[in-house]
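Here the structure comes first, spelled out in C-alpha cells, and everything after it is commentary.
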Amino acid sequence: MLNLLCNGMMIRINLDNGIYQVDPVSASGKSYLYSMLQELDREDILSLSYKDMKLLASKEAKNELFSRDYKLILIDRYDLYNGVLNEYLQRYNEKAIVIIDLKQKSEDWIDHMCEFNLNKDELEVSELW
Amino acid sequence: MSLELISSRTFNKENYDNYIFDIDKEFAATLIVGTQQVRSIMKDIDGADFVDSREFIDRFGKHLYIDRLSTGCKAAILVALKPDMVIDTRECGLNARDTIVCNCKEGHIVFYDMGTTIKTCGRENTSIDVVYRGKEYDSIDDLNEVI
C-alpha cells in the first residue's frame with residue numbers, strides 16, 4: 001500500500017508487493033500515473049516508458065538501475081519493449097509493487113491483474129485478481 | 001475502401017514501408033484535425049472534447065495538451081487521419097480496439113487477439129466495414145465469429 005500526493009492529486013496504490021498487469025483498457029490513467037511519478041522524482045520509485053529505453057541500452061545500465069531498492073515500479077507501454085526487462089522485474093516480485101502496462105496477454109510470468117480508477121482528484125490502483 | 005485487419009500472427013513488418021509501431025512518436029509528428037470522426041473517437045475512448053490541434057478538454061473538464069490523450073486514443077486517431085498507413089494496435093486497450101473497428105471505415109491495422117470479442121461501443125446495430133483475411137464484414141457478430 002502506498003499513498004502519494006502530486007499537484008493536488010492523491011494517488012492511492014492499494015496493492016501488496018508483487019507484479020501486476022494492468023487491466024487492458026485505454027484511458028484508465030496509466031500514462032498519467034507515469035507522468036506524475038516522473039514529476040515526484042523519488043529515489044524509491046521507478047517509472048519508465050518507452051521513450052526512456054535509451055537510458056537502458058546496455059546491460060550495465062539495466063543492471064545498475066535494477067540493483068536499487070524501490071517501493072514502486074511502473075512500466076508504461078511495455079508492449080513495445082519486447083520483454084527485455086522481464087528478468088529484471090522478476091527480482092522485485094516480493095520486494096516492491098510492480099505495475100506493468102501490458103495490453104497483450106502474458107500468462108508466463110505475471111501473477112496478478114490490477115485496475116485504475118481515475119477521478120478528478122484521486123487515482124486509485126487496486127487488485128482485480 | 002474498408003478497414004483492413006491484418007492479423008498479428010501473420011503480419012511481417014518487412015513487407016510494409018508504411019508501418020507505424022511507435023504510436024506516440026507518430027502522433028507527435030501529426031497535425032491533429034478535428035474531423036467529426038476524430039471528435040467521436042476522442043469522446044468514445046477518453047471521454048474528451050476536441051478544442052484544437054494542440055488542446056482538448058478531458059472528462060473532468062481540464063484543458064490539456066493533445067499529447068496527453070491515451071495511447072489507444074492516439075492510435076485510433078492515426079487510423080482515422082492516416083488511412084494509407086498500417087497502424088500497430090498492440091498498445092490499444094479493448095475499448096480503443098473496439099472503437100477503431102466501429103468508427104473507422106478505411107485504413108489498415110495490425111490486429112491482436114485479446115481473448116475477448118468486439119463490443120458495439122454502446123451503439124445498437126453498429127455497421128462496420130472491415131476486411132479480415134480477404135473477406136468483407138459489415139456486422140460485428142459475423143466478425144466476432146472468426147477473430
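Every chain is numbered from 1, with letters handed out A, B, ... down the list of sequences.
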Same cluster or not: [X] versus [Y], using hydrophobic residues (I, L, V, M, F, W, Y) connected whenever any side-chain heavy atoms lie under 4.5 Å apart?
{"X": "A:Tyr81", "Y": "A:Phe66", "value": "yes"}
{"X": "B:Leu94", "Y": "B:Phe111", "value": "no"}
{"X": "B:Leu64", "Y": "B:Ile77", "value": "yes"}
{"X": "B:Tyr112", "Y": "B:Ile6", "value": "yes"}
{"X": "A:Val22", "Y": "A:Ile100", "value": "no"}

Quiz item: Using a cut-off of under 4.5 Å for heavy-atom pairs, which of B:Gly93, B:Ala96, B:Gly47, B:Gly115 has the most such pairs with chain A?
Solution: B:Gly93
Quiz item: Taking B:Ala75, B:Ser8, B:Ala48, B:Cys92 one by one, which has the highest count of heavy-atom pairs under 4.5 Å against chain A?
Solution: B:Cys92
Count the heavy atoms belonging to other residues, nucleotides or ligands that lie under 6.0 Å from [atom1] of [X], then report whether that count exceeds 12.
{"X": "A:Arg68", "atom1": "CZ", "answer": "yes"}
{"X": "B:Arg54", "atom1": "CZ", "answer": "no"}
{"X": "B:Asn18", "atom1": "CG", "answer": "yes"}
{"X": "A:Glu127", "atom1": "CD", "answer": "yes"}

Quiz item: Counting only N and O atoms by type, is there a donor-acceptor contact under 3.5 Å from the side chain of B:Asp46 to the main-chain atoms of A:Ala27?
Solution: no
Quiz item: Counting only N and O atoms by type, is there a donor-acceptor contact under 3.5 Å from the side chain of A:Gln104 to the main-chain atoms of B:Arg90?
Solution: yes
Closest heavy-atom contact between [X] and [Y]?
{"X": "B:Phe21", "Y": "A:Leu80", "answer": "CZ-CD2, 3.4 Å"}
{"X": "B:Lys62", "Y": "A:Met9", "answer": "NZ-CE, 4.4 Å"}
{"X": "A:Tyr32", "Y": "B:Arg68", "answer": "CD1-NH2, 2.9 Å"}

To the nearest 0.5 angstrom, please state how far the [atom1] atom of [X] sits from the [atom2] atom of [Y].
{"X": "A:Lys103", "Y": "B:Thr89", "atom1": "NZ", "atom2": "OG1", "result": "11.0 Å"}
{"X": "B:Lys74", "Y": "A:Ser31", "atom1": "NZ", "atom2": "OG", "result": "7.0 Å"}
{"X": "B:Asp44", "Y": "A:Ser26", "atom1": "CG", "atom2": "OG", "result": "12.0 Å"}

Exercise. For residues A:Lys30 and B:Thr71, determine if any side-chain heavy atom of one lies less than 4.5 Å from a side-chain heavy atom of the other.
Key: no
Quiz item: Is there a side-chain contact between A:Lys51 and B:Asp24 (heavy atoms, below 4.5 Å)?
Solution: no
Quiz prompt | Among the listed options A:Asp23, A:Asp101, A:Asp76, A:Leu118, the residue most often paired with chain B at heavy-atom distances under 4.5 Å | solution = A:Leu118
Quiz prompt | Under 4.5 Å from a heavy atom of chain B, the part of A:Ser35 involved | solution = side chain
